[in-house]
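Read the numbers this way: they start at 1 and go in the same order the structure lists the ligands and their atoms. Side-chain atoms are counted along with the backbone in the values below, which use heavy atoms only and exclude waters and symmetry mates.
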Amino acid sequence: MEILEMNYINFRNLEDRNIQFSSRFNLFFGKNGQGKTSILEAIYFSATGKSFRTSKNIELIKYNKEKMGSYISYRDLVSEKTLSVKIDKKHKEYKYNGKKTPFDEFYGKVNIVTFIPEDIELIVGSPSFRRGFFDGEIAQSNFEYFKSLKDYNKLLKIRNKYLKEKNIKDEMFLIYEEEFIKLAAKVILKRIEYVKNISIILNLNYRKLFDNKKELNLKYESFLGEIKGSTLLNLEERIKLKIQELKYQELRYGYSLVGPQRDDFKFLLNGKEAKSYSSQGEKKSIIFSLKLSEIDMVIKEKRETPVFLIDDISSYFDSIRKESIINYLKKRELQVFISSTTDLNIESKNFRIDKGEIQDGHYECK
Ligand SMILES: Nc1ncnc2c1ncn2[C@@H]1O[C@H](COP(=O)(O)OP(=O)(O)OP(=O)(O)O)[C@@H](O)[C@H]1O
């Protein structure tokens, strides 16, 4: 998959422009605070309708402007297509090949993997941050999961309302609960499968790029306890039993104590939890390996190569790790967008960013 060009109007601090991209490396080079992250965010936003920095789209609109718009053309395995988004303070409009499209159908058309410094939160941050990330990843290449998760979240809200009102004898509650259990089991099973598959690739990538003497593992921790080898049916059974077990606590707290919203993902380096035991350099390397593994997973699930966005590579990695990453990327057939404050010694289409203004052309990165 390849993004061919992009247009944007009133996107953060960027001067409006049309940009043609290279199918391999695109390097955005500039000093701090000039708009390097914003241009990567504009690419991500145009392709997915979401930002990797904020959940409030309104923040993307340039200060003192009323609306913002973006457009990309891209090529997948089949043909060339376009996506566009318009937002103002009240409305959002998504278009696919010029036709209005609901967000659910817009999202997932272009596969993008991002690496941003804030990703370290995947190790040190909250379980909900990790769940959000992995759910997004699975949903990106699995529409059924996207639907199940959306429906599950709706039912979770409804269930919590009933629990809060202590209204669990209501006939509707029982009907909702049956569906709640089914969807909870589906979501958990898909997550287990995903973790199992990505874990193998993750370990290989970590060893290949950063340290071949260590073993990296990703583990799914469920509120159900040990769930290795589970099937959909026995997950449903176990959730039912757990609901029985926690019935009184759920009524006391007034919200669900069962379900995938209670689960977490853990990174283990040589069997020890990375959050508590790994160095900063190791944590960054784990996350980078995770992102490379995501690329491999998208290729496996969709047979389509995703686009890779890497923000601020120069200040994030030391020179040895940076070289290892660049050498690896050179060998992969990927379209890569990188922002950096220093030269990376790669053959790339270069863009210089200065106060939101982007100029292209080859130049010396100094
Ligand atoms: N909605 C907006 N409208 C106008 N300017 C904005 C908006 N949102 C953020 N900015 C400004 O855009 C500038 C560029 O931010 P950005 O994060 O893209 O910089 P950067 O080049 O990645 O910097 P760094 O290397 O320090 O991370 C900042 O000065 C920021 O205050």
Side-chain angles (χ1 to χ4, degrees), residues 3 6-19 21 25-72 84-93 112-122 124-125 129 280 283-284 287-288 291 307-319 321-322 325-326 336-346 348-361 363-366:
I3 299 180
M6 174 170 73
N7 274 302
Y8 48 83
I9 297 169
N10 295 338
F11 194 96
R12 291 217 191 248
N13 75 325
L14 302 177
E15 293 290 319
D16 302 348
R17 256 212 70 153
N18 165 278
I19 307 182
F21 297 120
F25 289 100
N26 296 275
L27 174 65
F28 298 99
F29 170 74
K31 296 193 181 120
N32 291 121
Q34 301 305 304
K36 297 183 303 301
T37 306
S38 300
I39 186 68
L40 295 185
E41 189 184 25
I43 297 168
Y44 186 83
F45 177 78
S46 311
T48 64
K50 300 209 295 186
S51 158
F52 53 67
R53 282 206 274 199
T54 175
S55 57
K56 296 181 194 126
N57 281 344
I58 219 86
E59 289 175 14
L60 307 177
I61 304 175
K62 185 172 279 188
Y63 300 151
N64 305 320
K65 298 284 179 187
E66 293 295 312
K67 44 189 167 182
M68 180 275 277
S70 71
Y71 161 97
I72 55 162
S84 66
V85 193
K86 271 193 215 158
I87 55 173
D88 61 32
K89 294 196 169 130
K90 288 200 183 104
H91 305 99
K92 285 178 210 164
E93 185 185 273
I112 291 204
V113 173
T114 58
F115 177 80
I116 56 171
E118 291 80 1
D119 283 336
I120 201 79
E121 284 292 306
L122 286 169
V124 299
F129 188 78
Q280 283 302 317
K283 284 182 185 129
K284 292 173 186 174
I287 296 302
F288 198 83
K291 298 305 177 132
V307 169
F308 194 19
L309 305 187
I310 309 173
D311 189 21
D312 208 4
I313 195 168
S314 41
S315 48
Y316 204 63
F317 286 108
D318 59 33
S319 53
R321 284 187 167 97
K322 209 158 57 191
I325 289 168
I326 297 294
V336 188
F337 297 87
I338 310 181
S339 77
S340 178
T341 49
T342 56
D343 195 356
L344 294 180
N345 206 6
I346 42 172
S348 54
K349 181 159 186 183
N350 293 332
F351 300 89
R352 180 189 289 277
I353 310 191
D354 191 15
K355 296 194 194 79
E357 197 177 327
I358 299 185
Q359 285 171 357
D360 41 331
Y363 59 86
E364 290 286 303
C365 301
K366 285 261 157 56

Problem set entry | Cationic tip of K284 above Y316 ring, under 6.0 Å, 45° of axis | yes
Exercise. S339 and D312: side-chain donor and acceptor closer than 3.5 Å?
Worked result: no
Problem set entry | Donor-acceptor pair, side chain of S348 and main chain of N350, under 3.5 angstrom | no
Problem set entry | atom 22 (O) of ligand 1: nearest protein contact (heavy atom, Å) | T37 OG1, 2.6 Å
Problem set entry | Residue and atom name of the nearest protein heavy atom (relative to atom 9 (C) of ligand 1), distance in Å to one decimal | Y63 OH, 3.6 Å
For this session: Run the numbers on K65 and D16 for salt bridge (charged side-chain N to carboxylate O under 4.0 Å, His left out), then give the verdict.
Result: CA-CA 13 Å; K65 298 284 179 187; D16 302 348; over 6 Å; no
Exercise. Looking at ligand 1, does I61 have a heavy atom less than 4.0 Å from it?
Worked result: yes
Exercise. Which atoms of ligand 1 are found less than 4.0 Å from any heavy atom of R53?
Worked result: 17 (O), 18 (O)
Problem set entry | Per atom 21 (O) of ligand 1, closest listed option by heavy atom (E41, K355, K36) | K36
For this session: For E59, take its heavy atoms, then give the atoms of ligand 1 lying under 4.0 Å from any of them.
Result: 1 (N)
Exercise. By number and element, which atoms of ligand 1 are closer than 4.0 Å to a non-hydrogen atom of G33?
Worked result: 13 (C), 14 (C), 19 (O), 20 (P), 21 (O), 23 (O), 24 (P), 25 (O), 26 (O), 29 (O)
Problem set entry | Atom indices of ligand 1 within 4.0 angstrom of S38 heavy atoms, with elements | 15 (O), 16 (P), 18 (O)
Problem set entry | Option whose closest heavy atom lies nearest to atom 4 (C) of ligand 1, chosen from K65, R12, K31, M68 | R12
